[in-house]
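First the structure, in the form of structure tokens, and then the observations on it.
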Amino acid sequence: MIILTRVDHRLLHGQVAFSWKQSLGADSILIANDDAMNNELRKTSIKLAKPQGVKLVIKSIDDAIDAINSGVTDKYRLFVIVETIADAVKMAEACDQIQHINIGGTKPNDQTRSISKTVYVTDDDIKNLKELKKLGKEIEIRQVPSDKKIDPLK
């Protein structure tokens, strides 16, 4: 059961590993990221941030979609973490089980604008979030569980 899908360009770090895992009661974290899957240094740093008592799996986006849709993840209280809004959109469109997307942090660049202290989006990101909203997906901006939920489309 997927309890939350989070967009965070840092993937797994203290804030995610402890506050979100504890708040959600997650027993498994799935990092869905093509680069982390193939980058041993990044994979090692992610593993170092893993909280005790939780299973950590790192997969490519496509392999994560396949695993979720196969049902192999159904036995877990699964917390999915992706790096970008585009990755979250791809996964949410392919996996009906993804109903709630939390946007925690995205990187700024020349093509983005700020919609919160930690979230920077492109016009395509906004368009994609609107599509997800039409599909009935809950979308929020929140860094930590105790923060107030912010609608990224307002």
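Predicted model only: the values in this text are computed from it and were never measured.
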Please collect all salt bridge (charged side-chain N to carboxylate O under 4.0 Å, His left out) contacts where either partner lies in residues 28-49, sequence neighbours excluded, each pair once. Asp35-Arg42, Glu40-Lys43, Arg42-Glu83
With rounding to the nearest 0.5 angstrom, report the OG1 to CZ distance, Thr5 to Phe79. 8.5 Å
I need the Leu132 CG to Glu93 CD distance, nearest 0.5 Å. 6.0 Å
How close do Lys59 and Ala67 get, heavy atom to heavy atom, and via which atoms? CE-CB, 4.0 Å
Nearest heavy atoms of Ala32 and Ile61, plus distance in Å: O-CD1, 3.2 Å
Does one hydrophobic cluster hold both Ile3 and Tyr76, with members joined at side-chain heavy-atom distances below 4.5 Å? no
Consider side chain to side chain donor-acceptor pair (under 3.5 Å). Of Lys133, Gln99, Lys149, which one does Glu138 pass it with? Lys149
Transitively linked via ILVMFWY side-chain contacts under 4.5 Å: Val89 with Ile141? yes
Residues Ala64 and Met91: closest non-hydrogen pair is CB-CE, 3.9 Å
Result of checking Asp151, Leu129, Val7 against Ile139 for side-chain contact (heavy atoms from CB on, under 4.5 Å): Leu129
I'd like to know if Ile115 and Val82 are part of one continuous hydrophobic network [Ile/Leu/Val/Met/Phe/Trp/Tyr, side-chain heavy atoms within less than 4.5 Å]. yes
So which heavy atom on Ile98 is nearest to which on Ala92, and how close? CG2-CB, 3.9 Å
Grab the two heavy atoms, one from Thr73 and one from Ile68, that are nearest each other, plus how far apart they are. OG1-CA, 3.6 Å
About how many Å separate CZ of Arg142 and OG1 of Thr118, when rounded to the nearest 0.5 Å? 12.5 Å
Can you tell me which residue among Arg6, Glu140, Lys137 is in a side chain to side chain donor-acceptor pair (under 3.5 Å) with His100? Glu140
Are the side chains of Trp20 and Ile81 in touch, meaning some heavy atoms are under 4.5 Å apart? no
How many angstroms lie between CG in Asp8 and NZ in Lys107, if you round to the nearest 0.5 Å? 11.0 Å
When rounded to the nearest 0.5 angstrom, what is the spacing between CG in Asp125 and OG1 in Thr112? 8.5 Å
Between CD of Gln111 and CG of Asn109, what distance do you get to the nearest 0.5 Å? 5.0 Å
Within a strict 4.5 Å, meaning less than it, do heavy atoms of the Asp123 and Arg113 side chains meet? yes
Note, Leu56 side chain near Leu12 side chain (heavy atom, < 4.5 Å): yes
Indicate, with yes or no, if Ile101 and Val121 share a hydrophobic cluster defined by side-chain heavy-atom contacts under 4.5 Å among Ile, Leu, Val, Met, Phe, Trp and Tyr. yes
Taking every heavy atom of Pro152 against every heavy atom of Ile126, the minimum-distance pair comes out as O-CD1, 4.2 Å
Check: Lys50 side chain, Val54 main-chain N or O, donor-acceptor pair, under 3.5 Å: yes
Are Leu153 and Ile103 connected into the same hydrophobic cluster when the rule is that any two of I, L, V, M, F, W, Y join if their side-chain heavy atoms are below 4.5 Å apart? yes
Side chains of Pro51 and Ile29: does their closest heavy-atom pair fall under 4.5 Å? yes
Begin with the C-alpha distance, continue with both residues' side-chain angles, and end with the deciding distance and a verdict on side chain to side chain contact (heavy atoms under 4.5 Å, CB included) for Met1 and Arg77. CA-CA 5 Å; Met1 170 177 69; Arg77 290 185 51 78; 3.0 Å; yes
